[in-house]
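In what follows, a structure is listed as structure tokens, so that the remarks can point back to it.
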Amino acid sequence: MRRAANLTGVELSRRGTLFALLVPGLAVLLFGFLYPVAATLAFPPDGDPATVARETGSLLTDPYLLPVIARTIRVAVVTTLICLVLGFPVAYLISRVPPRWSGKLLALAIFPLMLNTVVRTYGWLVVLGGNGLLSSLTEGLGLGPSRLLYTETAIVLGLVQLFLPLMILSCYSSLSQQDPRLEEAARGLGASPGRAFRQVVFPLALPGALVGCTLVFAGAVTAFTTPQLLGGARERILSTLLYSRVNVSLDWPAASAVALVMTVLVLVVSALSSRLSAKGSTQ
Amino acid sequence: MTPVVQLESVSRAFGRSRDAVAAVSDLDLAVPRGKFTTLLGPSGCGKTTTLRMIAGFVQPTSGRILLEGADATKTPPEKRNIGMVFQSYALFPHMTIIDNVAFGLRARGLAKTEVTARAGEALELVGLSALAGRKPGALSGGQQQRVALARAVAIRPSVLLLDEPLSNLDARLRVQMRAELRRVQRETGLTAILVTHDQDEALELSDHMVILNKGRLEQEGAPRDVFPRPASRFVADFLGYENFPVLPGHGPVAIRPEHVRLLSSGEPEDAGVTLEATVTNVTYQGSHCVVEVNANGLGDGTRLLCAHPGEAPRPGEAVRVLLPAAHLVTLGEDAEAAR
Amino acid sequence: MRRPVTAALAGLCALAATATACAPTREADTDTLVVSTFSFATEQFMEVVAEPFEERTGIEVVLDTGNNATRLTKLRINKERPDTDVVLISDYYAAIGKEMGLFERIDPETVPNMAEIQPWAVDPEGYGPAYTFQLLGLMYRTDLVEEEPTSWGALWDPEHPGGFALPDISVSAGPLMVLATGETYGSGPTDADTGFERLAAIGPDALQFYSSSTEVSSLLERGEIAMAPSLDNFAMNAVEAGQPIGFALPEEGRLMTANTAQIVNGAPNRAGAEAFVDFLLDPQVQSEVAEVIYDKPVHPDAQVTDLMTRVSGEAAVNPTEAGYHQGDLDLIAGERSSWLDRFVEEVAR
Amino acid sequence: MIRRPLLSLLTALAFLIMLGPVVILLGVAFTAGSTLTFPPEGLSLRWFAAALDYQPFISSLGTSLVVAALSTVLALALGVPATLALQRGLIPGRGVVENLFATPIIVPELVLGLALFQQLMVGLQITALATLVIGHTVLLLPYAVRVVGASLALSDPRLEEAARGLGAGPLRTFFQVTLPVMRPGIISAAILAFITSLNNVPLSLLLTGPGVSTLPVEMLNYVQSSYDPVVAAVSVLLLAASVAVALVTERLVGFNKVFGR
């Protein structure tokens, strides 16, 4: 797609013009993103690289903090898997129903993205809370009150709600490009619906699913509102730990250390996923 | 001998019940064993829906479908033992050629050695053994279609379904592939059903031709029976009859342009109908000219087309036109009224 | 060629202007006084403290409210260019602030009332004094708990009726509870290890780890829990309203927390700040605050309300005589991050 | 074909999880009672009145709208020229520059928020409002570059050559050909950016100052300290606004174009 065309308004071959078009954006990126992020990971207020390194070290060895990292990863992985298991079939359905239905279903799936995370998470407090819907349901069934609020399960539920639309969109973009005849061909050749799904539909939609998984995983690792409201004081993950380091214990170098670990975690996963998809496309 | 595929008053409507559109209505069909049958018709005539109902991808709204004499109306596609070739080839892009061909065999749980042997055999049949290890993306359209054919044939289906398999190919390749299709069908002895809108393709390939119009069966039979004797104006029109004059004493008839003759003065008249006419337009077509004339005798000035070899008359010239009796097809009044 | 460059520069300038335009600067200023305080009962505070102070001194009082941590954060942000004069803040956040160099020592001459107040309320290092205090005890449902608990042991009693909640480590009662437990079961009021160990034993049974007074009050009101360690102030509303709620002072592990008034390092209105702190300690003002906001006074001449003695007994009048003490604030401040981590991972399970 | 029970079950479950809690808010918001319970205890509009009466929500909504509008305009003002240069110019190391414009998406928003808080607010003493605008602009820049870039990449540069060939000067070509070609992309990017900014929590969380806080952050604070249905009422109001925006968006440009990737 690389085009050696000239820009309409101005001769882009002239360096000065190009420069003028790019520089404001780059300057803001530098001042509002690269500089602060780099600086904060090394030179937080009240700290220096040595304190950040020490705090990072303790984050990776402290018996009270390792569980936070483990929980963050566990919550993100489980959320990603559930989103895949639920989101892929929905995307598949949307890609195979007649257009007048698919448009409506897609809009319904996308709609939650227009609401902020507090709005989307708030309902779970009503569902999972002490006197909540679920509790009265289980009590009504004679199972006793259910206590799901402030558990990992609650966080996962909230995150699944938050990120399912992303998974559906990613899978849908792959599935809608797939020729539905491929699945028919497999069925015609004697493959059961399950076999056709496993051997043809799913493998071909894998790139989209992989993108979806990466988005959901990164989102789950970095989400704040949902773990804060649904995990409460009991179940901290990296993002809520970062917040409490800044606003409860006012320990800013320690906050930088958490930020460092969180960033590295997300970067490693994105790199792995792009590696995987590159490998998939060369095969 | 029971027909391989039999349709008993099969109908299929699409859309909600209130504004449903019938794609196929009340179709009865018997597909003879070991023969090449063609479903022919313009787009929207229901031929593809019929094929997809036979394959099991579409459920009939009413009626029964029998495969090998047994009711298979509710049988899912994978249990029907059909081989299907799609217009878009539908090769699995993530599998090699040989894996594509072996897919159906593996789905049937055959032993590894048998899978390898039969897949290789099928690929041999279409002459693509050399490309076994490639991915479909690396193949040309014609090659991909031959792989699709091999894949369908490999499972030794009770019927081979071909859904406009050649229409994505360019004109020359299409002609080559027709021969290839015919050869493969003959060599394997498979029953084949081809869906096409191309009359030449249908005429060349089929043992049995079924012409559909608006979801209904219009005419069926061997090409050499159907082609010279279309039963209705629709069939005649579709088969390339371009002149539909209403002759005094004959009623509505059809005749192909190449059978209309311009008589030079003094030439003896053959058996047939001779008309006085005026040339209105002449188009040069290489081997012949198409001469458009206005037949003076036919009241409202019926225009006729005739394919005329050699020196053509000029527009405005008065000519005599012969419609030979041997080539005049009389169209049934009822068929005419149905239009 | 000229045009885009100019446009780009103009854009950058506009951005820079937005970025710096609204930076507030407050130079030396004797007409107004910015007081950073709790967001609790702001209107009443205006009525009984700020407005009378304005009348007396002619200095206009501006309130900036929020919880301890966010206000401390704000002070830290503006450390180089402070825009606040007085900060009313909990004792252990005050300790963090001192460590960060956010506050100034007070010359006792300028705040005469500092000589009058209860001795424990005076800061040993000379920083701002405590102007009120809260006692840690057990808030309980009198209809669900038959006998008034006399010991923290009630929480560990497997027979205890109804559920209970514990304070989260992020609220003032949290660290106090750790120390109170350490004092009760361990070697003394600095034995945090024992505190954590014992709390960890009952953590899984706690219905909730509350992080606000409204949260714990509503849990008790709804009867979801029968008791919770809390500060005595939390109980006053309910007791006054005649709800079946009582406040028990355990015999051992008597910890309290104080609210202090600090003068900001480099305050734009230093003299006004000193006058305000003195005003806050005035017996008359302390009495009115006690009546309206339920803040227990530290000035011996101020009037302790009946409600206060009904809830907390004699400890409301003189906490140190009743055996209450603040705990080691430097320990709490210094270990804040690690306590937070330990609490979440060991206790709040 | 699609009558498989498992597929229907999973789909139903997915939509239940995605929309169920949001639907429940509707019930909670209209309750006459004072606790978060479903089904509601009687019907009343009292929580809507309470929501509109709660000053922090009103002032933070103002902040949110100002920040969203300013940062959307800034992101487009910076992003569109950059996109033009990237799509139509010959730039050495174009890939690197392009990736640079996408990086703010990869770094966790909370980390960016912390960085802006520590370095710009604490370090450079920039006000919370200005820091919010800078942060949101950085966050929206990738959307602007990507969405506008996508619409530009789809258009045929020969259109512009044709215009030049027909005698239009470079400026005329830009305003009469290039800009109209980009317009749908710009509208989509603007809507997407505005919504993204308006809904953001992690980035705005730490960037608060006296009287400066965004609506979602205020809502979060409120939910954490109070247990009445006020936030449900606010949510329903936002829900209604979103439905309105969605309908207008659908009319104007089509949903798929805004959210399609």
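Numbers restart at 1 for each chain; the letters A, B, ... are given by sequence-line order, proteins then strands. Only this structure's heavy atoms are used, side chains among them; waters, hydrogens and symmetry mates stay out.
Of the atoms belonging to C/E346, it is side-chain heavy atoms, and not backbone ones, that fall under 4.5 Å from chain A. Neither the backbone nor the side chain of C/Y210 comes within contact range of chain A, judged by heavy atoms closer than 4.5 Å. Heavy-atom distances place no part of C/I169 under 4.5 Å from chain A, backbone and side chain included. At a 4.5 Å heavy-atom cutoff, the contact between C/T73 and chain A is made by backbone and side-chain atoms alike.
Not counting sequence neighbours, the partners of C/E345 by the salt bridge (charged side-chain N to carboxylate O under 4.0 Å, His left out) test are A/R71.
A salt bridge does not link C/R342 to A/D62: none of the charged side-chain nitrogens sits closer than 4.0 Å to a carboxylate oxygen.
Chain C forms more heavy-atom pairs under 4.5 Å with one residue of A/Y150, A/W252, A/Y64 than with any other, namely A/Y64. Ranking C/I96, C/L207, C/N68, C/D168 against chain A, the residue ahead of the rest is C/L207, based on heavy-atom pairs under 4.5 Å.
Looking at heavy atoms from C-beta onward, A/L241 lies in side-chain contact with C/D341 at the 4.5 angstrom threshold. Counting only heavy atoms from C-beta outward, the side chains of C/R336 and A/V248 never approach each other to under 4.5 Å.
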Q.
With side chain to side chain contact (heavy atoms under 4.5 Å, CB included) as the criterion, how do C/L340 and A/D251 come out once you've worked through the C-alpha distance, each side chain's angles and the decisive distance to 0.1 Å?
A. CA-CA 11 Å; C/L340 208 129; A/D251 196 345; over 6 Å; no
Q | Candidate pair C/V344 and A/E235, rule side chain to side chain contact (heavy atoms under 4.5 Å, CB included), full reasoning | A | CA-CA 7 Å; C/V344 172; A/E235 305 291 342; over 6 Å; no
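Residues C/M100 and A/L250 approach most closely at CE-O, 3.7 Å, considering heavy atoms.
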